[in-house]
Peer 1: 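Take this structure first; my questions come after.
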Amino acid sequence: MTAATATIDTAAIDALVGDGPATWDATGRIPLDLLRGLGASGVLAAEVPTRFGGPGAGRLVNGELTAHVGARCSSLRSIMTVQGIAATTVLRFGDRDQRRHYLGRLTGGDLACVAFSEPGAGSDLGGIATRVRPAGAGTGDLLISGEKSWITGAVYADHILVFGRFGDGPDGAVAVVPADAPGVHVEPVRDPLGCRAATHSRVVLDDVRLPAEAILGGGGQALQLLFTVALSYGRMSVAWGCAGILRACLAAATADARTREQNGARIGDHQLIARHLAEIYTAERIATQVCRHAVDRWDAGAPDAAVTAVLAKQVAATHAARGASAAVQVLASRGFTDGHVVARAYRDAKAMELIEGSTEISQLILARHALDTI
Ligand SMILES: Cc1cc2nc3c(=O)[nH]c(=O)nc-3n(C[C@H](O)[C@H](O)[C@H](O)COP(=O)(O)OP(=O)(O)OC[C@H]3O[C@@H](n4cnc5c(N)ncnc54)[C@H](O)[C@@H]3O)c2cc1C
């Protein structure tokens, strides 16, 4: 345990996770009681303040915790990421009663997922068509309709945080939709390339009726603000998860390179394999440092904090994808079966280049920042 994770018992997490990730990857499911247990212990949303029942971890502690989990299982880390995004969104946009109610649930074993993407709005979230509108007849209730794509963890979730448009105007709203409400349909995507046990689903909302208290802060916030707050947490979390992927790859590749002998020498002593090891090591150090940089900027309340989250995700994801590929190269046939840690890393890391803003979208944001500020 590093100093940064001193307040979270990572040994207890390791004991719970055990050698489950390979099986979870094969079956496409993490045991629900394990997820609920981790949720109730606060691990899935560790930054929730103690006054709302969470551990109240700082960003660095939560980041290192996320890397620790990410090194073991990107699917579990993905569930952690969406639970953390949900908690952050409630904390930022919920009123007093909503914070107390929902954060209590999210640190008490309930699970949440977050629904932004739609068939017609992936990279361009400004194009979302899901709408939250009054149910009419003076009831104060609201109706929400729309279709969401690739929603991580929806099959486990008790609450679906749905990002939509509010009324007929341009502004947004976040509705906390009970997953078992009439009109909610969850259809898992079959055979995803990576993060298989996190699960990803199409979620259809067919005139789902909600009380006004289910709309965070009453709705009417700027869509861009809603997305920036939610995605910034997600980007940091994914970036730390990528540092974890690289740590797992480095451990597996060095262990193999130390013991496997070919052509009269340990493979780690062949210079071309040594180069792969050096690259994975460098990638892990870079990913960790860019995450720490982002944490420092957020903790300082710096004006470029949101951009540093994009930078962290962008750098860590591209290094994780390359590093995982190099790790498979080092282990060769020994790492080339589905459940193996480097095989999972190879598939899971690719997803990191697509989510929370793809590599291309991240580059556009970083270029705009450079043009505007430098
Ligand atoms: C494993 C996984 C988990 C996910 N989990 C969730 C979740 O929990 N909740 C959720 O809401 N969504 C989730 N998503 C959806 C994810 O956010 C979207 O897949 C992502 O935003 C990209 O959208 P898209 O797939 O529609 O690709 P598109 O937007 O169609 O993009 C296709 C390609 O075009 C590029 N592109 C698009 N616009 C531009 C541009 N202006 N300039 C240059 N290139 C561009 C993209 O970078 C990409 O390479 C998940 C997706 C995956 C794969």
Side-chain angles (χ1 to χ4, degrees), residues 24-25 28 30 35 44-45 70 73-89 111-130 144 146-157 159-165 172 174-177 179 186-205 223 226-235 237-238 241-242 245 310 313-314 317-318 320-321 324 344-368:
W24 305 340
D25 188 58
I30 303 172
L35 293 177
L44 299 182
C73 180
S74 283
S75 287
L76 179 55
R77 197 276 309 144
S78 299
I79 297 297
M80 195 176 171
T81 296
V82 295
Q83 185 92 347
I85 295 176
T88 300
T89 305
L111 299 167
C113 62
V114 287
F116 317 107
S117 308
E118 300 183 359
S123 299
D124 179 14
L125 287 175
I128 61 169
T130 295
I144 180 163
E147 180 179 338
K148 297 291 184 181
S149 311
W150 279 85
I151 307 309
T152 298
V155 300
Y156 304 120
H159 313 278
I160 307 174
L161 268 72
V162 180
F163 289 65
R165 296 188 176 282
V174 183
V176 187
V177 179
V186 175
E187 296 168 20
V189 172
R190 288 169 60 95
D191 303 327
L193 176 68
C195 296
R196 292 175 177 165
T199 74
H200 314 284
S201 299
R202 171 175 180 250
V203 175
V204 177
L205 304 141
L223 264 183
L226 293 173
F227 289 136
T228 300
V229 168
L231 288 175
S232 290
Y233 182 94
R235 286 164 176 155
S237 181
V238 168
C242 289
I245 287 174
V310 176
K313 206 290 288 189
Q314 156 70 3
T318 49
R344 279 191 287 118
Y346 182 71
R347 289 188 280 100
D348 295 343
K350 186 62 206 170
M352 307 311 145
E353 295 189 299
L354 307 178
I355 59 173
E356 314 294 335
S358 64
T359 295
E360 291 79 8
I361 296 302
S362 302
Q363 286 171 330
L364 291 177
I365 295 171
L366 295 173
R368 175 128 350 110

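Both counts, for ligands and for their atoms, begin at 1 and track the order of listing. Computed from a prediction, not measured in an experiment: that's the story for all the values here.
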Peer 1: How many angstroms lie between NE2 in His200 and SG in Cys113, if you round to the nearest 0.5 Å?
Peer 2: 12.0 Å
Peer 1: For atom 34 (O) of ligand 1, decide whether some protein heavy-atom distance is shorter than 4.0 Å.
Peer 2: no
Peer 1: Check each heavy atom of Thr359 against ligand 1 and say whether those closer than 4.0 Å belong to the side chain, the backbone, both or neither.
Peer 2: neither
Peer 1: Quick check: do Ile85 and Glu356 have side-chain heavy atoms less than 4.5 Å from each other?
Peer 2: yes
Peer 1: Might you check, step by step, whether the distance between atom 31 (O) of ligand 1 and some protein heavy atom is under 4.0 Å?
Peer 2: yes
Peer 1: Is the shortest distance from atom 13 (C) of ligand 1 to a protein heavy atom below 4.0 Å?
Peer 2: yes
Peer 1: For Ile30, does its backbone N or O pair with a side-chain atom of Tyr156 as donor and acceptor, under 3.5 Å?
Peer 2: yes
Peer 1: Counting heavy atoms only, which of Ser74, Ser149, Ser123, Ala230 is nearest atom 29 (O) of ligand 1?
Peer 2: Ser123
Peer 1: Heavy-atom distance to atom 20 (C) of ligand 1: which of Thr152, Ile151, Leu354 wins?
Peer 2: Leu354
Peer 1: Checking the side chain of Asp348 only, and the main-chain atoms of Gly194 only, is there a donor and an acceptor separated by less than 3.5 Å?
Peer 2: no
Peer 1: Consider every N or O of Leu364 and every N or O of ligand 1, then say whether any pair is closer than 3.5 Å.
Peer 2: no
Peer 1: Does Glu118 reach the main-chain N or O of Ala129 with its side chain, forming a donor-acceptor pair under 3.5 Å?
Peer 2: yes
Peer 1: Show the atoms of ligand 1 that are less than 4.0 angstrom away from any heavy atom in Ile355.
Peer 2: 2 (C), 3 (C), 4 (C), 50 (C), 51 (C), 52 (C)
Peer 1: Which residue supplies the protein heavy atom nearest to atom 24 (P) of ligand 1, what is that atom called, and how far is it?
Peer 2: Gly122 CA, 4.1 Å
Peer 1: Can you report which non-hydrogen protein atom sits closest to atom 9 (N) of ligand 1, along with the distance?
Peer 2: Val114 O, 3.0 Å
Peer 1: For atom 4 (C) of ligand 1, what's the nearest protein heavy atom and its distance?
Peer 2: Trp150 O, 3.3 Å
Peer 1: Which heavy atom of Ala154 sits nearest a heavy atom of Val186, and at what distance?
Peer 2: CB-CG1, 4.0 Å
Peer 1: What residues form a salt bridge (charged side-chain N to carboxylate O under 4.0 Å, His left out) with Glu360, not counting sequence neighbours?
Peer 2: none
Peer 1: Less than 3.5 Å between some nitrogen or oxygen of Ser117 and one of ligand 1, yes or no?
Peer 2: yes
Peer 1: Using a 3.5 Å cut-off on N or O atoms only, is Phe116 in polar contact with ligand 1?
Peer 2: yes
Peer 1: Of the listed options (His200, Glu356, Glu353), which comes nearest to atom 1 (C) of ligand 1 when hydrogens are ignored and any heavy atom counts?
Peer 2: His200
Peer 1: If we ignore hydrogens and angles and just use 3.5 Å, is the side chain of Lys148 paired with the main-chain N or O of Val114 as donor and acceptor?
Peer 2: no
Peer 1: Would you please name every residue forming a salt bridge (charged side-chain N to carboxylate O under 4.0 Å, His left out) with Arg202, sequence neighbours left out?
Peer 2: Glu147, Glu187
Peer 1: Give me the residue, atom name and distance of the protein heavy atom closest to atom 48 (C) of ligand 1.
Peer 2: Glu360 OE1, 4.2 Å
Peer 1: Starting from atom 46 (C) of ligand 1, which protein heavy atom do you reach first, and at what distance in Å?
Peer 2: Ser358 OG, 3.6 Å
Peer 1: Please identify which atoms of ligand 1 are closer than 4.0 Å to at least one heavy atom of Ile361.
Peer 2: 38 (N), 39 (C), 40 (C)
Peer 1: Mark yes or no for whether Arg196, through its side chain, and Asp25, through its backbone, hold a donor-acceptor pair below 3.5 Å.
Peer 2: no
Peer 1: So do the side chains of Leu76 and Leu35 get within less than 4.5 Å of each other, counting heavy atoms only?
Peer 2: yes
